[in-house]
Colleague: 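Below is the structure I would like to discuss, written out as structure tokens.
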There are 2 protein chains.
Amino acid sequence: MTKAENVGMKYTRHTRDDVVDAALRILDEHGLPDLTMRRLGATLDVQPSALYWHFANKQTLLASLADRIVERAKPVHPTDDDWKGATRTEAYALRNALLAFRDGAEVVSSTLALGLGAGLPLNLLSNCLERGGFDHRTSEIAAAALLHFILGHVSHEQQRLQADSLGVVAEAVSTNSPDCDVTPQGLEAFEFGISLLLAGLELHSHATTKPV
Amino acid sequence: MTKAENVGMKYTRHTRDDVVDAALRILDEHGLPDLTMRRLGATLDVQPSALYWHFANKQTLLASLADRIVERAKPVHPTDDDWKGATRTEAYALRNALLAFRDGAEVVSSTLALGLGAGLPLNLLSNCLERGGFDHRTSEIAAAALLHFILGHVSHEQQRLQADSLGVVAEAVSTNSPDCDVTPQGLEAFEFGISLLLAGLELHSHATTKPV
DNA sequence: ACCTGAACACCGTTCAAGT
DNA sequence: ACCTGAACACCGTTCAAGT
């Protein structure tokens, strides 16, 4: 019997993972500003203070959310793409992972900004890059550049998604075709940014591996 | 007589700009988490509620701070650089402007993330790019890509600055030469990221202006 | 035009104590 | 191992009223 089916009992004790699950649901359904320790406690039928048995503080909890969100971007089967294809694929996987939860980009990016966890997305990207024969240091700062762009871009995308979902329909019914919920020009700008960075990197690799 | 010299009087009424000035001081000296409406009121010898005569809410105030921070990146005299040089210069000017205030990048980036103001940095960058003969749309999404990188990178830089300034000296006295407060490897990574994007753009322009 | 005073509806976090 | 209950020290914002 799963915990979700546990209907008749007075209460259930929770595990760390239960807390993360519940937090992710609140995040996705109501957004980051509504993800409150008090509300999370109420969702789990527990006092807010009980959460501090599982997590040292709210930031640590958010870091766990960030990890879970980014985990979706782990490649399932090893690809035999070249470094460029692999990196592009990974970038898109990260974008999808962030878009899968409301405010996902902001959670990951603020966790990164506080220096907690979030080594995972960096590793995913630099692993792809190292196939290109770049030295470790170059792979890492290039991965950071890619990640900064990805997080900034998707944050912006999610902000627009949310603004549109609110009553800000106002101008011209948003001027695009009826049934596109996944933002067409957002994807275009994403592709463009990734392409710029990858093209720059390729040029860099030619310059260093075959010196004039 | 400037307001700062006004010592003997009981109180002075404030203008919108006074509030922004005081807020910028708190930001720079104590950081964003300490920039509270209540603390800001206390600094100005005023009830917190008085601030709501000048600003509709805290976010609007933060947007004004963001504008002031970014204004430093306005070019003083028109340069005759090519688009690449001008854009690189502007990117560095933005970095310096953000670094000039504690948590500057976070203030600007969160303001941008909420869709308030912050059109300025985008315009500064896309103006430079348009010298390259890119069409308006390309200039804008390239400017957005640059800005995402800049904000993400400088945020990360400022987080490390702050972490270092706290007692987290711990490991190996940070392994770099004695008197460098302006983070040498931070600048290196910044240069690398900007170069990748500019190189990618140059390639793009060749591809579109001289088709095969 | 600019501010006070008081209130409202919240926050995150700590800690002794319970089971 | 996991939670309660109560408290502490805060938040942003509103609003009638004052000058």
Side-chain angles (χ1 to χ4, degrees), chain A residues 1-4 6 8-24 26-27 30-66 103 106-107 110-111 113-116, chain B residues 1-4 6 8-24 26-27 30-66 103 106-107 110-111 113-116:
Chain A
M1 163 173 118
T2 76
K3 231 167 224 174
N6 178 11
M9 287 177 63
K10 277 280 171 56
Y11 60 84
T12 358
R13 301 180 126 185
H14 303 100
T15 101
R16 218 181 132 94
D17 265 20
D18 294 338
V19 178
V20 174
D21 285 337
L24 275 176
I26 296 180
L27 178 70
H30 304 277
L32 186 54
D34 280 13
L35 178 48
T36 278
M37 297 304 264
R38 299 177 115 92
R39 178 159 189 167
L40 181 52
T43 289
L44 293 165
D45 280 311
V46 132
Q47 298 290 326
S49 52
L51 303 171
Y52 291 84
W53 192 89
H54 298 282
F55 295 92
N57 48 48
K58 191 180 179 179
Q59 269 311 322
T60 313
L61 167 61
L62 288 180
S64 291
L65 298 203
D103 291 337
E106 225 192 306
V107 169
S110 80
T111 294
L114 290 182
L116 297 175
Chain B
M1 162 175 119
T2 77
K3 231 167 224 172
N6 177 11
M9 290 176 61
K10 277 280 172 55
Y11 61 84
T12 357
R13 300 180 128 184
H14 303 100
T15 103
R16 219 181 131 94
D17 265 21
D18 294 338
V19 178
V20 174
D21 286 337
L24 275 176
I26 297 180
L27 177 70
H30 304 278
L32 187 53
D34 279 13
L35 178 47
T36 277
M37 297 304 264
R38 300 178 116 90
R39 178 159 189 168
L40 181 52
T43 289
L44 293 164
D45 279 312
V46 131
Q47 296 290 327
S49 51
L51 303 171
Y52 291 85
W53 192 90
H54 298 282
F55 295 92
N57 49 48
K58 190 180 180 180
Q59 269 311 320
T60 312
L61 167 61
L62 288 181
S64 291
L65 298 203
D103 290 338
E106 224 192 307
V107 169
S110 80
T111 293
L114 290 182
L116 298 175

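Numbered from 1 within each chain, the chains take letters A, B, ... in sequence-line order. A quick note: this is a predicted structure, and the numbers were derived from the prediction, not measured.
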Colleague: Side chain of B/T15, backbone of B/D17: donor and acceptor closer than 3.5 Å?
Modeller: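 It does hold such a pair.
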Colleague: Just the rounded figure in Å: distance from P of C/dC11 to CG of A/L32.
Modeller: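 Roughly 13 Å, once rounded to whole Å.
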Colleague: Taking atom C1' of C/dA1 as reference, at what distance in whole Å does atom CZ of B/R13 sit?
Modeller: 5 Å
Colleague: If we take the C1' atom in both D/dC2 and C/dA17, what is their distance in whole Å?
Modeller: 13 Å
Colleague: Return the set of residues passing side-chain contact (heavy atoms from CB on, under 4.5 Å) with B/A50 (not counting sequence neighbours), or none when no residue passes.
Modeller: B/V46
Colleague: Which residues pass the side-chain contact (heavy atoms from CB on, under 4.5 Å) test with B/A113, sequence neighbours left out?
Modeller: none
Colleague: Mind checking the OG1-CZ spacing from B/T36 to B/R38? Nearest 0.5 Å is all I need.
Modeller: 9.0 Å
Colleague: Just to confirm, is there a sub-4.0 Å distance from OP1 or OP2 of C/dC3 to any side-chain nitrogen or oxygen of B/H14?
Modeller: yes
Colleague: As an exercise, state the distance from CG of A/L27 to CD of A/E106, rounded to the nearest 0.5 Å.
Modeller: 9.5 Å
Colleague: Does A/D21 have any side-chain contact (heavy atoms from CB on, under 4.5 Å) partners at least two apart in sequence or in another chain, and if so, which?
Modeller: A/R68
Colleague: Can you see which heavy atom on A/L116 is nearest to which on A/A63, and at what distance?
Modeller: CB-CB, 4.1 Å
Colleague: Considering the options A/V107, A/D103, A/L65, which one meets the side-chain contact (heavy atoms from CB on, under 4.5 Å) requirement together with A/L35?
Modeller: A/L65
Colleague: With pairs defined as Watson-Crick or G-U wobble and both distances under 3.5 angstrom, please note down DNA chain C as a dot-bracket string, | for pairing with another strand.
Modeller: ||.|||||...|||||.||
Colleague: Which heavy atom in B/K58 sits nearest to a heavy atom in B/M37, and how many Å separate them?
Modeller: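 That closest heavy-atom pairing would be CG-SD, 3.9 Å.
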Colleague: Please identify each residue that fulfils side chain to side chain donor-acceptor pair (under 3.5 Å) with A/R39, with sequence neighbours left out.
Modeller: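 By the side chain to side chain donor-acceptor pair (under 3.5 Å) rule, A/R39 matches A/H30, A/D34.
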Colleague: Going by number, which of residues 33-42 of chain B have a non-hydrogen atom under 4.0 Å from DNA chain D?
Modeller: B/T36, B/M37, B/R38
Colleague: Which whole-number value in Å describes the distance from B/R16 CZ to C/dC3 C1'?
Modeller: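 That distance rounds to 17 Å.
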Colleague: May I have the distance from B/W53 (atom CH2) to D/dT19 (atom C1'), rounded to whole angstrom?
Modeller: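 Those two atoms, CH2 and C1', are 14 Å apart.
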Colleague: Report the residues that fulfil side-chain contact (heavy atoms from CB on, under 4.5 Å) with B/F55, sequence neighbours left out, ordered by chain and then residue number.
Modeller: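 So B/F55 forms a side-chain contact (heavy atoms from CB on, under 4.5 Å) with B/R16, B/V19, B/V20, B/T60, B/L61, B/S64.
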Colleague: Might you point out which heavy atoms bring B/A23 and B/L40 nearest each other, and give the distance in Å?
Modeller: N-CD1, 3.6 Å
Colleague: Which atoms of nucleotides 4-6 of chain C (N or O only) lie under 3.5 Å from a protein N or O atom, and what are those distances?
Modeller:
residue: C/dT4; atom: OP2; partner: B/Q47; partner atom: N; Å: 2.6
residue: C/dG5; atom: O6; partner: B/S49; partner atom: OG; Å: 2.7

Colleague: Specify the residues of residues 54-63 of chain A, ordered by number, for which at least one heavy atom lies under 4.0 angstrom from an atom of DNA chain C.
Modeller: A/N57, A/K58
